[in-house]
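Shown next, in structure tokens, is the structure this report addresses.
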Protein chains: 2
Amino acid sequence: MSETNETLEEVCRTLEQLYDDEDPTAGLEQRRPNEDAVETQATVFGALANDHRIRVLEALREGELCACELQVVLEAPQSTVASHLRTLRDAGLVKSRKKGKWTYYRIADTAVLELLDLATAVAVPEND
Amino acid sequence: MSETNETLEEVCRTLEQLYDDEDPTAGLEQRRPNEDAVETQATVFGALANDHRIRVLEALREGELCACELQVVLEAPQSTVASHLRTLRDAGLVKSRKKGKWTYYRIADTAVLELLDLATAVAVPEND
DNA sequence: AGAACAAATCGAACATACACGATATGTCTG
DNA sequence: CAGACATATCGTGTATGTTCGATTTGTTCT
């Protein structure tokens with residue numbers, strides 16, 4: 001039940017021996033992704049990688065809220081909330097709409113909600 | 001075409017006036033998400049929020065690779081690659097398999113690939 | 001056993017991210 | 001227009017993340 005893995009090991013070794021003085025990247029350079037895509041992904045995931053910002057997005061699931069309401073949801077100072085909202089907006093995760101004194105925020109794309117749902121589905125191992 | 005938004009504004013104002021000495025959280029506490037879910041999401045997104053780690057995952061799309069191959073893909077020192085792989089494994093994004101001298105890494109769950117795809121779909125606004 | 005290699009861990013320098021008070025900008029209301 | 005309020009921005013102390021040389025651990029081969 002383990003013989004199927006032998007071939008892979010051989011491939012790994014073979015590659016190293018074949019390209020001794022040549023470019024050692026072998027066939028691996030084809031595994032390198034598009035630069036712009038990586039940048040977008042890193043921006044998006046970076047914006048999602050924060051407790052407060054996740055809470056904001058979850059709160060916006062059921063519809064838009066103004067900044068002052070999000071302040072209540074987060075139980076955090078105004079300036080803290082404002083800076084998180086800016087991060088989310090810069091990453092394209094939320095859109096804002098100004099209405100008089102208030103600024104209303106809403107989820108920019110359903111993809112954002114799908115991202116949130118998928119992340120909860122991942123099984124994070126507990127490290128003792 | 002803009003009158004539907006008036007009601008929301010009124011609600012916001014009404015809530016503040018109603019609960020003057022009471023708990024000001026109004027109906028907003030229902031918008032607060034589950035604590036454990038947020039922690040999982042933050043862990044997952046935190047692990048995804050890095051160029052090198054995204055490249056690793058993209059490289060693993062087509063099948064498992066050993067650490068030394070990933071080192072070639074990333075064009076980074078061994079210790080750097082190793083620490084990123086540890087981060088990915090701790091977050092549950094990849095699984096590892098030891099075979100003799102080598103450690104092979106693979107995507108832990110198809111949800112990880114879906115996360116990567118969804119992130120590229122988000123339209124990040126360019127800030128001038 | 002000892003040389004050669006893969007990989008994990010450690011540690012310290014360096015870089016980013018975050019929190020949040022203070023302050024500035026913009027808007028409604030009397 | 002003054003005063004109250006909603007937000008955005010700025011500045012700075014602090015926390016967290018990243019890099020990577022050096023070292024350690026583990027495995028294979030001779």
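The chains referred to below are lettered A, B, ... by the order of the sequence lines, with proteins before strands, and numbering in each begins at 1.
Rounded to an integer number of Å, the gap from Gln71(A) CD to dA8(D) P is 11 Å. One atom, CH2 of Trp102(B), and another, C1' of dC29(D), lie 11 Å apart when rounded to the nearest Å. Summarising the geometry, the separation between CG on Leu70(A) and C1' on dA8(D) is reported as 15 Å, rounded to the nearest angstrom. The distance from atom CG of Asp51(B) to atom C1' of dT19(D) is 14 Å, rounded to the nearest whole Å. Following rounding to the nearest Å, Leu74(A) (CG) and dT7(D) (P) show an atom-to-atom distance of 13 Å. Regarding Leu85(B), its CG atom lies at a distance of 9 Å from the P atom of dA7(C), rounded to whole Å. Straight-line distance from the CG atom of Leu88(B) to the C1' atom of dT18(D): 14 Å, rounded to whole Å. Atom NZ of Lys101(A) and atom P of dA6(D) are 5 Å apart (whole Å).
By the 30° and 60° cut-offs, the orientation of the rings of Phe45(B) relative to Phe45(A) is parallel.
Between Lys98(B) and Thr103(A), the residue whose closest nucleotide on DNA chain D is further toward the 5' end is Thr103(A).
Atoms NE2 and CG, on His84(B) and Asn50(B) in that order, are 4.5 Å from each other to the nearest 0.5 Å. Separation of atoms CD1 (Ile107(B)) and CG (Leu116(B)) is listed at 7.0 Å; rounding is to 0.5 Å. To the nearest 0.5 Å, the span separating OG1 on Thr103(B) from CD on Glu64(B) amounts to 11.0 Å. For the atom pair Ser96(B) OG and Tyr104(B) OH, the distance stands at 13.0 Å (nearest 0.5 Å). Expressed to the nearest 0.5 Å, how far CG of Leu113(B) lies from CD of Glu58(B) amounts to 8.0 Å. Atom CG of Leu118(A) is separated from atom CD of Gln41(B) by 10.5 Å, given to the nearest 0.5 angstrom.
In this structure, Arg55(A) pairs ionically with Glu35(B), as a charged nitrogen and a carboxylate oxygen lie closer than 4.0 Å.
In this model, the phosphate group of dA6(D) is not approached by any side-chain N or O of Tyr105(A) to a distance below 4.0 Å at OP1 or OP2.
The salt bridge (charged side-chain N to carboxylate O under 4.0 Å, His left out) contacts involving residues 102-125 of chain B comprise Arg61(B)-Asp117(B), where partners must be two or more places apart or lie in separate chains.
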Let me have a per-nucleotide readout for nucleotides 9-21 of chain C, 5' to 3', with B, S or -, counting only protein heavy atoms under 4.0 Å.
B--------SSBB
What would the secondary structure line of DNA chain C be in dot-bracket form, counting Watson-Crick and G-U wobble pairs under 3.5 Å, with [ ] for pairs that cross earlier ones and | for pairs with another strand?
||||||||||||||||||||||||||||||
